[in-house]
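Whatever order the structure lists them in is the order used to number ligands and atoms, beginning at 1.
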Amino acid sequence: MSDDIIPVSPEWAKRAYVDEAKYKEMYEASVKDPVKFWGEHGKRIDWIKPYSPEAVRDVDYTGNVRIRWFHDGALNVSANCIDRHLAKRADQVAIIWEGDDPSKSKNITYRELHAEVSRMANVLKELGAKKGDRITIYLPMIPEAAYAMLACARIGAIHSVVFGGFSPDSLANRILDCDSEIVVTADEGLRGGKPVPLKANCDEALKKCPKVKKVLVVQHTAGKVGWDGARDVWWHDAKAKVAADCKPEPMGAEDPLFILYTSGSTGKPKGVLHTSGGYLVFASMTHQYVFDYHDGDIYWCTADVGWVTGHSYILYGPLANGATTLMFEGVPNYPNSSRFWDVIDKHQVNIFYTAPTAIRALMREGEAPVKKASRKSLRLLGSVGEPINPEAWLWYYRVVGDSRCPIVDTWWQTETGGILITPLPGATKLKPGSATQPFFGVTPVMVDADGKELEGACTGNLCLINSWPGQMRTVYGDHQRFIDTYFRTYPGKYFTGDGARRDEDGYYWITGRVDDVINVSGHRIGTAEVESALVAHAKVAEAAVVGFPHDIKGQGIYAYVTLNAGEPYSEALRKELVAWVRKEIGPIASPDIVQWAPGLPKTRSGKIMRRILRKIAENDFSNLGDTSTLADPGVVDDLVKNRSH
Ligand code: WTA
């Protein structure tokens with residue numbers, strides 16, 4: 001924990017949209033009368049049919065759970081991100097694309113974006129896509145990913161973007177869950193100079209997805225790919241045959257915009273569903289205020305469009321605001337660990353938003369790679385995805401930002417659609433390691449394990465009362481799971497799954513997940529997913545997976561594995577299991593440590609005691625708690641004895 005407090009500089013208080021007094025005033029107004037507040041701010045986007053004052057907010061967190069915002073309004077999200085800027089900024093750059101290869105970059109103006117998105121929309125229509133259809137997008141970080149997402153929004157199709165690092169199996173499960181009949185992919189992606197075989201993965205996945213009729217393929221590396229002439233269509237061929245204009249489809253505010261799969265504590269990943277109106281209002285408003293985005297700023301979020309951060313803060317928020325947004329294909333350490341800072345100089349980036357894991361990895365390389373670049377254009381830094389430890393925060397602040405750029409540590413989730421707890425750079429004193437204060441309209445509450453609300457300074461579980469327009473509306477195809485996951489633990493409240501501390505100034509310090517979700521380098525992985533991948537291996541009888549503290553990744557994956565009776569334990573098999581999980585789920589889910597466990601600690605009713613497994617993984621044997629209720633207390637001693645590193 002850090003005692004540093006960094007005050008708002010007078011220049012920031014003056015230039016920002018809100019200073020401290022204005023924040024207080026707006027925040028109070030937003031919680032006192034949310035209908036009035038959001039009724040006014042909903043107008044920041046263009047509506048084809050305006051919403052009525054009665055339809056601004058319709059929310060019930062009890063019973064069947066209903067969340068609707070602006071529900072009688074109609075709009076088109078792609079028109080809001082493109083068409084409405086054409087009169088004023090057709091020639092302004094909308095997207096700066098920076099390739100994995102540092103010699104490759106390109107600028108796409110709003111006029112070009114309009115033409116490309118329209119073409120992609122027309123091609124999708126020709127392939128049979130209609131309003132309400134689900135389209136799966138499995139692309140690298142190339143402009144076509146933005147075109148595809150916006151093209152779906154333009155014709156009213158619901159996109160489901162699947163991160164390019166996911167395996168064929170993970171892709172297949174996501175295609176099947178939402179019943180996509182069209183997939184958009186590329187020949188290959190490129191990361192750190194190495195090709196990622198997207199089309200080949202897709203071909204493999206589609207063996208399990210007979211309903212997929214068409215695959216639109218972007219040629220990116222010109223690598224060799226397999227081809228199904230009846231199913232596969234090259235984007236460059238198809239686009240030459242369609243018009244560069246496509247009328248945006250009017251959509252109801254509550255019509256779905258996208259599904260994004262995310263891991264939870266149980267079962268398979270769930271399809272988080274976001275709708276059109278409220279999501280766009282919230283993504284654009286948070287982008288403007290949190291990053292204090294002004295016309296002419298160059299803004300860079302380093303996330304991948306396969307995650308929610310890429311959806312809300314590379315694409316929808318910035319483009320709705322008419323911003324210039326940078327999209328980066330590569331990785332922080334290729335061709336060397338100055339890459340981020342070189343790109344900042346190259347494109348004169350003013351606002352830079354990245355993840356703690358990247359900061360920690362770069363911090364290890366020392367200051368020299370940072371100091372090689374000038375970084376004079378930088379004005380504001382942001383962090384997202386996991387708690388940032390004060391040490392990394394201070395390095396980011398002092399070394400990267402030369403102690404002149406505020407850091408916005410933004411807490412939010414796939415489910416929340418946009419940033420909920422965050423500093424505003426002109427308003428909020430910073431404490432390294434704290435996400436600080438709620439955004440407008442957001443009311444965090446802290447509860448203890450029994451659901452009792454805690455007052456003042458406290459430690460507990462983080463819940464939210466009141467809705468905000470960017471909130472998810474349901475789990476695609478499984479509303480009951482939505483209710484059970486988020487609204488049952490503490491009735492009447494949305495439970496985030498995060499633990500937190502609130503200090504005497506009302507600042508929030510997020511401590512991390514309190515459920516069975518592991519946050520590895522800012523990527524959410526359910527312990528249940530890794531366990532089911534492990535037990536799918538022919539030699540594995542049982543597996544239990546927990547998180548453990550990891551210097552760079554924040555958390556690592558620790559797997560306890562019991563083999564089938566008589567199966568010999570070997571180093572080769574250990575490696576095979578790690579590779580197996582990589583293949584089953586994707587590289588982000590590879591276990592860091594596999595410990596052989598001839599037995600797992602279980603209660604007499606057969607429940608695995610994860611609390612004990614977490615302690616052993618953390619190398620903390622002093623506090624294993626009461627193990628006398630275990631069916632076989634001896635297994636704990638064995639595990640402790642064999643704790644491997
Ligand atoms: C964690 C990413 C601390 C948290 C936008 C949350 C954070 C999960 C922060 C959501 C932060 C995200 N400080 N923890 N600034 N931001 N988290 O759905 O545990 O990929 O519940 O959304 O990441 O991850 P998700």
- Message: Using a plain distance cutoff, I'd like to know if Thr496 has any nitrogen or oxygen under 3.5 Å from a nitrogen or oxygen of ligand 1.
- Response: no
- Task: Give yes or no for whether the N/O distance cutoff of 3.5 Å, strictly under, is met between Thr309 and ligand 1.
- Result: no
- Give the numbers and elements of all ligand 1 atoms closer than 4.0 Å to a heavy atom of Asn519. 1 (C), 23 (O)
- Query: Which is it for Ile510 and ligand 1 at heavy atoms under 4.0 Å: side chain, backbone, both or neither?
  - Reply: side chain
- Message: Return the closest protein heavy atom for atom 16 (N) of ligand 1 as residue, atom name and distance.
- Response: Gly385 N, 3.1 Å
- Are any of the N or O atoms of Val384 closer than 3.5 Å to those of ligand 1? no
- For the pair Phe495 and Tyr490, name the ring-plane relationship: parallel under 30°, tilted 30 to 60°, perpendicular over 60°. perpendicular
- Message: Looking at ligand 1, would Gly497 count as a contact under a 4.0 Å heavy-atom criterion?
- Response: no
- Task: Measure the OG1-CG distance between Thr511 and Asp498 for me, rounded to the nearest 0.5 Å.
- Result: 7.5 Å
- Item | SB check Glu254 Arg473 (cutoff 4.0 Å) | yes
- Message: Using a 4.0 Å cut-off to any heavy atom of Thr414, which atoms of ligand 1 qualify?
- Response: 18 (O), 20 (O), 22 (O), 25 (P)
- Do any nitrogen or oxygen atoms of Ser383 come within less than 3.5 Å of a nitrogen or oxygen of ligand 1? no
- Residue Thr410 vicinity, atoms of ligand 1 by number, heavy atom under 4.0 Å: 9 (C), 11 (C), 15 (N), 16 (N)
- Message: To the closest 0.5 Å, what do you measure between NZ (Lys493) and CD (Glu453)?
- Response: 4.0 Å
- Message: Considering both backbone and side-chain atoms of Thr262, is one of its nitrogen or oxygen atoms within less than 3.5 Å of a nitrogen or oxygen in ligand 1?
- Response: no
- Note on the structure: For atom 2 (C) of ligand 1, the closest protein heavy atom turns out to be Trp412 O, 4.0 Å
- Query: Just wondering, are more than 12 heavy atoms of other shown residues or ligands nearer than 6.0 Å to CD in Glu20?
  - Reply: no
